[in-house]
Participant: 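Please see the structure below; I have some questions.
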Amino acid sequence: MTLEGLLVVAAALFGVGVYGALSQQTFVMIMMGLELMINGAILAAVALWAMSAGGTPKGQLLAVVAMTVMAVEAAVGFALIVGVYRVRKADMTEKLKRLRG
Amino acid sequence: MTGTPGEVMHAAVASAGMDMPVGDVTPELVLVIGAVIVLVFALAAPRRRQPWAAALALAVLAATAVATLPMLDGGQHLTFFDTYAADDVAVWAKLVIVAATALTVALSVEWFRTDARHGEYYALLLLSALGAVVLAGAADLMEVVLGVLLSSATGYVLAAYHRSSARSAEAGIKYYLLGALTNAGLLYGVVLLFGLAGTTTLVGLGDELVGADSTALVAGVGLVVVGLAFKVGAVPAHAWVPDVADGGPAPVAAFLTVVPKVGGLVALARLVVVLPEAGVGWRPLVALLAAATMTLGNLAALWQDDVRRLLGWSAVSQSGYGLMALVALGRSELAVASLLFFLLAYALANLAAFGVLVELRGRADLDAYAGLARSRPLLATALGLAFASFVGIPPLAGFAAKLLLFGAVLDAGYAWLAALAVVNTVVSLAYYLRVVAPTWFQPAVEPLPVLGRWAAMAAVASAAAVVVVGIAAQVFLGSFEAARLLPR
Amino acid sequence: MLSAAIFVPLVGAGVVALLPASWARRARPLAIAVAAVPLVLLLAAWARFDPDGGAGFQLVERARWIPTLGVSYAVGVDGLSLPLAAMSALLFVAAIAFPADVRGRPRTYFSLFLFLEAISLGVFLALDLFLFYVFFDLSLVGMYFLIAAWGHGDARRAALKFFLYTLAGSLAMLLAILGLYLATEPRTFDMVEIIRQQPVPAGGLGSALVLLGFALGFAVKTPIVPFHTWLPPAHVDAPAPASAILAGVLLKMGTYGFVRIVLSMLPATFQRFAPVVAGFAVASIVYGALVALAQTNLKRLIAYTSVNHMGYVMLGVAAAGSSLTGDGGPRAIALTGATVEMVAHGLITGALFLLAGSVWARAETYDLDAFSGLAARAPAFTAATVLAAFASLGLPGLAGFVAEFQVFAGTFAVYPVLAGIGLLGIVLTAALFLRMVQAVFLGPLPERWATWPDINRTEQAALAPLLALVVVIGVAPGWLLDVIDATAGRLVGR
Amino acid sequence: MSRSLLVDLAFYILSAGAVVSAWLVFRTDSMVRAAYWLLVSFVAVGGVLVLLSAEFLGLVLVLMMAGEMTIMAVFMVMFMMNPAGLNPMTMVHQHRAAVGAGLVAFAGLAGVGLVADFPDRAAPSDAPATAELGTELLGDSMLVFETAGVTLLATMIGAIAIASRRGRYGDADAGSLPPELEAPAPKARA
Amino acid sequence: MSGAATWWLAPLALGAALAGGVYLTAVLDRLVARAVAGVPLGVPDALVAPARGAALLLLSPPAATERPDAQSWALAPALLAAVAAAGTAAIPLGPGLAVADVPDGIVLFGAAMALVMVAVFLHGWSANSAMPLLGGYRFVAQALSYEMPLALVLIAVALPAQSLAVGDIVVAQEHIWNVVRQPLGLPIFLVTAAGLGFWGPLALPDAADVAGGTSVEAAGSALLAWRAARAAVLVAAAAMAAAAFLGGWLGPVLPGPVWMVAKTAAVLVAISAAGHLLARVRLERFVVVAWTVLIPLALVDVFASGILAL
C-alpha cells in the first residue's frame with residue numbers, strides 16, 4: 001500500500017464519478033457520480049494524511065469536511081428532485097430544455 | 001507597547017489566554033442567531049404576519065452592520081488559529097454583503113407576498129449571506145470549502161424557491177448540478193494542496209508551498225480556482241448565471257449574482273497571494289480566466305433579447321473585470337483597493353438593474369421596455385444609471401472601479417488585459433444601449449404594471465448610491481487603501 | 001468664477017429637467033438665460049486674464065476630491081483654453097436660442113443642452129486629468145441622447161455609432177491617462193504637476209503606447225482620417241443645434257487634448273511621431289475636401305469640411321510639436337494658427353450647421369439638387385450662408401483665413417511638402433463651397449420654394465454674434481492672437 | 001503471512017472492489033443495484049481508510065453512506081415509476097464525451113499521484129487518531145467545525161423549505177410563483 | 001488479532017458465538033411466549049423446538065416470484081447476518097476477550113447497524129413483489145427514525161469512558177453502571193434495538209398487515225436464514241445493551257463472560273417480552289414519536305452525561 005497506489009485508486013474513483021455525472025440522465029444517477037467524485041477526494045485526503053502529512057489532525061478533519069459536503073449536497077439534491085418532480089413530473093435532464101442560450 | 005488601540009486591545013485579549021476570540025466573529029454570530037430568530041418567527045407567526053419576517057431580517061442585517069463597523073479599526077489580524085481573517089478586506093466585504101442582502105430583502109417583500117413560506121425565505125437569505133461572509137474571511141481552505149458549501153446549498157434552494165414554477169425548479173437544478181460538480185473538484189484540489197503543505201491554513205500554505213512539487217500544485221490550484229470560479233460566476237463554471245437570472249426568482253437572481261461573487265472573489269484573492277509564483281503561474285491563469293470571462297459574457301449578452309438573460313450574461317462579464325484585480329495582487333498598490341471598490345460598485349449597479357427588473361414584475365421582454373423613460377422616468381433613470389455604471393461612464397461608481405482596475409493591471413504589467421477590457425467595455429455598450437435606448441427614444445406606451453413601493457425604493461436607492469459612491473469615492477478609497485489582505 | 005461657469009448650467013440642467021409640466025413653455029427662455037451665464041463669466045475671466053502673466057494657468061480654483069488617488073477638482077485657464085471655452089459658451093447660447101423642433105419634450109431637450117454646456121466647458125477648463133476624463137466621457141453621453149432622441153433619419157443607429165467609436169477612443173485614452181498617472185511620483189492626476197514632471201520619458205514601448213492611447217482617443221474625437229467614419233451619419237442625423245455643438249465644440253475637445261495633453265506632457269514622444277501625425281492630418285485635409293466635393297447632401301458636405309478643417313488644426317499641432325529645440329517662431333505660429341482655427345471653425349461651422357437646420361425646418365431635405373435660386377427669395381439667409389461659406393473656405397478678411405494662413409506659414413518651415421499638399425485642400429474647399437453657393441442660391445427658383453420664408457428674427461439673432469465674430473477675427477485678430485500667442489510660445493518652448 | 005503483506009493484500013482487494021463497484025454503478029440495469037454498488041464502493045473505501053488507521057473515518061463513512069444509499073434507492077424506485085426497479089434503464093447521453101472527460105480526470109489526477117513528489121511524512125502508527133481529531137475539532141479548527149454545523153442547519157432548513165409539501169397553512173406550494181406580469185391594480189407609482 | 005497464525009480463529013469464534021446466541025434467542029422467545037401466555041414453560045421442548053422448526057423450513061421447498069433479483073435476494077440474509085457479526089465483533093465477552101475491541105468500537109457497531117437498513121430494504125425489494133417492497137419502505141422510514149437516537153445514546157455512554165472502545169466503556173462502569181448513571185439511555189436503546197431487529201412492536205417491515213412484509217415471498221431455507229439473521233441482529237443489540245449499560249462482564253463471583261452472557265440473555269428476554277406483551281405500533285406514530293420524543297430525550301441524555309463527565 002503506497003501513496004501512489006492510493007492516489008491512483010482515488011483518481012480512478014473520481015474519474016468514474018466524472019463519467020457518471022456527465023453521462024447519466026437521471027438526477028439520482030448524476031448524484032451518484034458526484035458522490036463518487038467526493039469518495040475519491042476522501043480517499044486521497046486520508047491517504048495524504050497518513051503518508052504525506054505526518055498524521056496531522058487537519059487531514060482527518062478535511063475528510064470530515066468532505067463528508068459534510070457529501071451529506072449537504074445529497075440532502076439539497078434530494079430536496080430539489082422532489083421539487084422538480086412535483087412541478088414537472090420528470091426527472092430527466094433531457095427534459096430541462098426550457099432555459100437556454 | 002505601541003500600535004493602534006485595536007491592536008493593543010487584541011494583544012491584550014490574546015495574552016489573557018482567550019482561545020475563543022468570539023469578538024472576531026460577532027457579525028457572523030449575529031447572522032446565525034438572526035437567521036434562527038427569523039425562522040422561529042416564521043414558524044410561529046400567523047400567515048398574514050409573514051412579511052414581517054422581512055423587517056426582522058432587515059433588523060438582523062442592521063445589527064450585523066453595527067457589529068461589523070467597529071472592526072474597521074480593530075487591528076487587522078488572523079484569528080481562530082489562523083483559520084479566519086479579521087482584516088479590513090473582510091470587513092468591507094461583509095459590509096457590501098450586508099448592504100446587498102438588505103437591498104435583496106427589500107426587493108423580495110412584494111415579490112414573495114403570496115408565498116406561504118415567506119418567512120423561511122429570509123432565514124435562508126441570511127444564511128446564504130453568511131456563507132459569502134465566511135468565504136470573505138476564510139483563511140483556511142476547509143473554511144473556504146464550507147463557505148462555498150453554505151453559500152451554494154442555500155443558493156440552490158433560493159434559486160428554486162418558486163416551488164410551483166417549473167422554470168424556477170429548473171434553474172435550481174442546473175445551478176445545483178454545476179455547483180456539485182465543481183465543488184467535488186474544489187475538494188480534490190484542496191486535498192492535493194493539503195498533501196503538499198501538510199496543512200490547510202493559508203499561512204501554512206504560504207510557508208510550505210515554496211518549492212513544492214509543481215505538478216500537484218498546478219493541479220490543486222487549478223481545481224480550487226475552478227471551484228471558486230463557480231461562486232464568482234466566471235469561466236469555466238459560469239453557465240448557471242443566465243439560467244438563474246432567467247428562471248430563478250428575480251430578487252434571488254439579484255442576490256446570487258452579487259453576494260457569492262463578493263465572497264468568492266475575496267476568497268480567491270486570499271488564496272492566490274500565498275501561492276508561490278515560481279511553482280504555479282497563477283497570475284497568467286487568473287488573467288486568462290478574466291479575459292475569457294469578460295469576453296464570453298459580453299459576446300453572449302450581445303445576442304440576448306431577453307432582459308433577464310442579458311443581465312445574467314452581463315453579470316458574467318462583470319466577473320471578468322473583477323478577476324482583473326486579482327491579477328494585480330502583489331504587484332500593484334491599487335489591487336486591493338480596486339477589488340473592493342469594484343465589488344462595491346458592481347453590487348450597487350447590479351442590484352439597481354435587477355431592482356428595476358423586479359419592480360417591473362420580472363418582465364424580460366425587451367420590447368416591453370420601449371418608452372419606459374416617459375411612463376416611468378424614475379425606473380428608466382435607475383436602469384440607465386446602473387448600465388452606465390457597468391460601462392464605466394464617469395462619474396458613476398463603475399467608472400472609478402474601472403479606473404482602479406485598469407490602473408492596477410497596467411501597474412502589474414498586464415497591459416494586454418487592460419486593452420482587452422477596453423474592447424470588451426465598448427462591446428458591452430452595444431447591448432446595454434439595446435435596453436436603454438428604447439426606454440428613451442421610443443414613444444411612451446401604457447405604463448408597465450409595477451410591483452410595489454419596497455422594490456421601487458430599493459432599485460432607486462441602489463441607483464442613487466451608484467452616483468453618490470462614484471462622486472464620493474474618497475470616502476471609501478481612503479479606507480480601502482489601508483486595507484490589508486491577510487495573510488500576506 | 002470658472003467653477004460657476006461649469007456648475008451654473010449643470011444645476012440649470014437639473015432645474016429645467018424637473019420643471020413642472022405647466023412650465024414647459026418657459027423652458028426655452030430659462031435655458032437661454034442660464035446658458036448665457038457662463039458666457040458672461042468667461043468674458044469677465046477674459047477681462048481679468050493677463051496674456052503675459054507668468055507661466056501656466058490663471059484663475060485657478062482647486063479642491064480636494066479623491067486625495068487617495070491624487071485626484072483633485074481643479075480648473076483654470078490659459079491662452080489656449082480661454083478662447084475655446086468662450087467660443088463654446090457663445091456657441092451654446094446660439095444653439096439653444098436657435099429654433100428647433102423639440103418634439104414635445106422641451107424640458108429634456110434644453111436640460112440636455114445645458115448639461116452638455118457644463119460638460120464642454122468642464123473639458124476646456126479642467127486642470128486635472130481625472131476631471132478632464134470625466135467631462136470628456138460625459139460629453140458622449142449628452143450628445144448621444146441629443147442625437148438619438150431628436151435626430152432624424154436613422155438617428156439611433158448614428159448615435160450608437162458615435163457613442164461606440166468615441167467611447168472606444170476615450171477608453172484607449174483612459175489607459176493612456178493611467179499610464180501617465182502610474183508614472184508620476186507621487187501619483188497625481190494634476191495636469192500642472194504632470195506637465196512639470198514629464199513623467200513618461202521618450203523612447204521605449206511604454207511611452208509609445210501612452211502616446212498611442214491618447215492619439216487614438218483624440219483622433220477619434222477630432223476626427224482624423226481614418227477614424228472619422230462615425231462623423232457623417234452623426235452630423236447628418238443629429239438635430240441642427242446638436243450638429244453645431246458637435247462640430248463646433250465637441251470636435252475641438254480632440255484637438256484641444258492633443259495640445260493640452262500630448263504636446264504638453266509628452267513633447268519628446270510626440271516629437272518622434274509628429275511626422276506621422278502630420279501625415280494623417282494632411283490625409284484628413286485632402287480626403288475630407290475630396291469627399292465633401294462629392295456630396296450632394298448639404299449637411300454631409302459640411303460634415304466632411306469639418307474633417308478637412310480639423311486636418312488643418314492637426315497639421316498645425318504636428319508642426320508645433322515637430323521639434324524640441326531650434327527656432328520656436330514658426331512652430332509657435334503654427335500652434336497659434338491651429339488654436340485660432342479651432343475657434344474660427346467652431347464659429348463658422350456652428351453657423352453653417354444652424355443654417356442647415358433652417359433648411360431642414362423649411363424643406364425637410366438636405367439634398368443640394370433640390371435647391372436653386374434661393375438668393376432672391378431669402379436674402380438674409382443667403383447672406384449669412386455665403387458669409388459662413390466664404391469664411392470656411394478661407395477668404396481673406398474672415399476668420400478662417402487668419403487661422404489657415406498661420407497654420408500654413410508655420411508648417412512650411414517644418415514640413416514644406418506636407419504643407420504644399422495641404423494647400424490643395426484649400427483649393428478643393430473653395431471649389432466645393434462655391435459650387436454649393438451656386439447651386440443653392442443662384443439659378444431659377446423652383447416652384448415648390450416659391451413661398452420659402454427667409455430666416456426669422458430668432459434665427460438671425462442667434463447667428464449674428466457668430467458671424468460678427470467671424471468678421472471681427474478676420475479683420476482685427478489682434479485681441480485674440482495676443483491671448484493665444486504667449487501660451488503657444490510657451491508650449492513650443494520658444 | 002506478515003502483517004504488511006496482509007495489509008497489502010487487503011488494500012488490493014478493497015481498492016479493486018471500490019473501483020469495480022463504482023464502475024458497476026453505471027453499468028447495471030437496476031437502480032437499486034446501482035445505489036448499492038455505490039454503497040459497496042464506499043464500504044470498500046471505508047475499509048481502505050481503516051487500513052490507513054483512520055478507523056473512525058472509515059466507519060463513519062460507511063455509517064453515513066448506508067443511510068444515504070438506501071434513500072437513493074428509494075428515490076430511484078419511487079421516481080422511476082418502476083416499483084421493483086428491474087426494468088432495464090440504460091439512460092445515457094453524450095456517452096463518448098463523458099467517457100473522455102472521465103478518462104481525462106482519471107489520467108490527470110492519477111498522473112499527479114504518480115508523478116508528483118509529495119512530502120514523505122508518514123503518520124506515527126500509534127497516534128490516537130480519533131482523539132486527535134476530536135481535539136482538533138474543538139481546538140485549532142473549532143471555527144471549521146462550527147461552520148460545518150451552521151451549514152448543516154442551513155441545509156436542513158433549505159431542504160425542508162423546498163421539499164415538504166404540507167405547510168402550516170395548507171399546501172405550501174400555494175402562491176409559490178413569480179408575480180404575474182400584469183398587476184391586478186397598479187397602485188404604486190415609480 | 002493475536003497473531004498471524006491464528007487470525008482465522010477469530011471469525012470462527014464469532015460465528016460460533018453468534019450461532020449460539022441466535023439459538024438462545026429462539027429458545028428464550030419460546031419460553032417468554034409461554035410465560036406470557038401463562039402456560040407451562042416446557043423447557044425441554046423449548047430447547048429443541050427451534051431445531052425442529054429449522055429442520056422443517058430446510059425441508060420445505062423454496063419459493064419463487066416473477067423475475068426477482070435472485071442474487072440480491074440470496075444476498076440479503078447473508079448481509080444481515082454479516083452486519084450483525086460485524087457489530088458483535090466490537091463487543092468483548094470479557095476483559096480483552098473480543099474479536100475486534102477496536103478503539104472505535106461503538107462506531108463500528110453503529111456502522112454495522114446502519115447497514116441493517118440496507119439488508120432489509122434489499123430483501124424487500126429484490127423479491128420483485130409489492131408486499132415485500134412495502135415492507136422495505138417501512139423499514140427505511142423506521143430505520144431513519146431510530147438511527148439518530150441510537151447514535152446519541154451510544155455517544156452518551158462513550159462520554160464517561162472518554163473512549164469509543166466498548167471495552168473501555170465497560171471498564172468505566174466499574175463503580176456505577178450506565179443504566180443508573182444515564183437512566184434515559186437503556187430505555188431508548190431498547191426501543192432502537194427492537195427497531196433494529198424489527199421485533200415486537202416495531203416488527204413493521206415484516207408485519208402481518210403487509211402479509212409478512214419483506215419475507216412474505218421467502219420460504220424454506222431462505223426464510224430460515226432470514227429469521228436467523230434477524231435474531232443475530234437482536235443478539236448483537238442485546239450484547240451491546242449489556243456491555244454499554246449493564247456493566248458488561250463486571251459482576252461478583254462468576255467469571256466475566258458468564259456475566260456477559262447472562263446479561264445479554266436478560267436483555268433478550270426483555271425485548272422478547274415486549275414483543276409478546278405490547279401491541280404493534282403504527283409506523284406514522286412511531287416516526288413522529290421518534291423524531292419528537294426520542295431524539296430530544298436522547299439529546300438530553302447526551303448533554304446530561306456530558307455535563308456529568310466534565
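Computed from heavy atoms alone, side chains included, the values below leave out hydrogens, waters and symmetry copies. Below, chain A is the first sequence line, B the second, and so on; all start at residue 1.
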Participant: So which part of C/Arg187 gets closer than 4.5 Å to some heavy atom of chain B, the side chain, the backbone, both or neither?
Facilitator: side chain

Participant: Which bit of B/Phe399 comes within less than 4.5 Å of chain C, counting heavy atoms only: side chain, backbone, both or neither?
Facilitator: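 Answer is side chain: those atoms of B/Phe399 sit under 4.5 Å from chain C.
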
Participant: To the nearest 0.5 Å, how far apart are OG1 in C/Thr108 and CZ in B/Arg374?
Facilitator: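 With rounding to 0.5 Å, OG1 (C/Thr108) is 8.0 Å from CZ (B/Arg374).
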
Participant: With rounding to the nearest 0.5 angstrom, report the CZ to OG1 distance, B/Phe341 to C/Thr68.
Facilitator: 10.5 Å

Participant: Taking it one step at a time, do C/Leu167 and B/Ile393 satisfy side chain to side chain contact (heavy atoms under 4.5 Å, CB included)?
Facilitator: CA-CA 9 Å; C/Leu167 182 77; B/Ile393 302 289; 4.2 Å; yes

Participant: In terms of heavy-atom proximity below 4.5 Å to chain B, should C/Leu164 be classed as side chain, backbone, both, or neither?
Facilitator: both

Participant: I'd like to know which of C/Leu140, C/Leu171, C/Val141 tops the heavy-atom pair count under 4.5 Å against chain B.
Facilitator: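 Among the listed options, the one with the most contacts to chain B is C/Leu171.
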
Participant: Taking side chain as everything from C-beta outward and backbone as N, CA, C, O, which of these in C/Val134 sits under 4.5 Å from a heavy atom of chain B? Side chain, backbone, both or neither.
Facilitator: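 Its backbone and side chain both get close to chain B.
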
Participant: At a heavy-atom separation under 4.5 Å, does C/Ala155 approach chain B through its side chain, its backbone, both, or neither?
Facilitator: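 Contact with chain B is absent: no heavy atom of C/Ala155 under 4.5 Å.
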
Participant: More than 12 foreign heavy atoms under 6.0 Å from CZ of C/Arg157: is that the case here?
Facilitator: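 No, the 6.0 Å shell around CZ holds no more than 12 heavy atoms from other groups.
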
Participant: Counting neighbours of CH2 on B/Trp303 that are heavy atoms of other residues, nucleotides or ligands and sit closer than 6.0 Å, is the number greater than 12?
Facilitator: no

Participant: Can you check side chain to side chain contact (heavy atoms under 4.5 Å, CB included) on C/Leu178 and B/Asp411, steps first, answer last?
Facilitator: CA-CA 9 Å; C/Leu178 284 167; B/Asp411 214 11; over 6 Å; no

Participant: Name the region of C/Phe135, side chain, backbone, both or neither, that has any atom closer than 4.5 Å to a heavy atom of chain B.
Facilitator: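 Neither part.
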
Participant: Do C/Tyr144 and B/Phe441 have their ring centres less than 6.0 Å from each other?
Facilitator: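 Between C/Tyr144 and B/Phe441, the centre distance is under 6.0 Å.
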
Participant: What residues of residues 470-482 of chain B make heavy-atom contacts with chain C at a cutoff under 4.5 angstrom?
Facilitator: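 B/Ile471, B/Ala473, B/Gln474, B/Leu477, B/Gly478, B/Glu481 fall under the 4.5 Å cut-off.
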
Participant: Chain C: which of B/Ala400, B/Ala437, B/Ser332 shares the most heavy-atom pairs with it under 4.5 Å?
Facilitator: B/Ala437

Participant: Under 4.5 Å from any heavy atom of chain C, what part of B/Pro438 do you find: side chain, backbone, both or neither?
Facilitator: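 B/Pro438 touches chain C through backbone and side-chain heavy atoms alike.
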
Participant: Heavy-atom distance under 4.5 Å to chain B: side chain of C/Leu174, backbone, both or neither?
Facilitator: side chain

Participant: So for B/Leu334, is it side chain, backbone, both, or neither that comes closer than 4.5 Å to the heavy atoms of chain C?
Facilitator: side chain

Participant: Minimum heavy-atom separation for B/Gly392 and C/Asp137, please, with both atom names.
Facilitator: O-OD2, 4.0 Å

Participant: Quick check on the structure: residues of residues 420-436 of chain B within a heavy-atom distance below 4.5 Å of chain C, by number.
Facilitator: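 Near chain C, by residue number: B/Val422, B/Thr425, B/Val426, B/Leu429, B/Ala430, B/Leu433.
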
Participant: Which region of C/Trp65, side chain (C-beta onward) or backbone (N, CA, C, O), has a non-hydrogen atom less than 4.5 Å from a non-hydrogen atom of chain B, or is it both or neither?
Facilitator: both

Participant: Against chain B, work out which of C/Ala183, C/Pro67, C/Ala172 has the most heavy-atom pairs shorter than 4.5 Å and name it.
Facilitator: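 The option with the most such pairs is C/Pro67.
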
Participant: Counting only heavy atoms closer than 4.5 Å, note whether C/Tyr165 contacts chain B via side chain, backbone, both or neither.
Facilitator: neither

Participant: Using heavy-atom distances under 4.5 Å, tell me whether C/Phe145 contacts chain B through its side chain, its backbone, both, or neither.
Facilitator: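 Contact with chain B involves both backbone and side-chain atoms of C/Phe145.
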
Participant: How close do C/Leu138 and B/Pro394 get, counting heavy atoms only, and between which atoms?
Facilitator: CD2-O, 2.9 Å

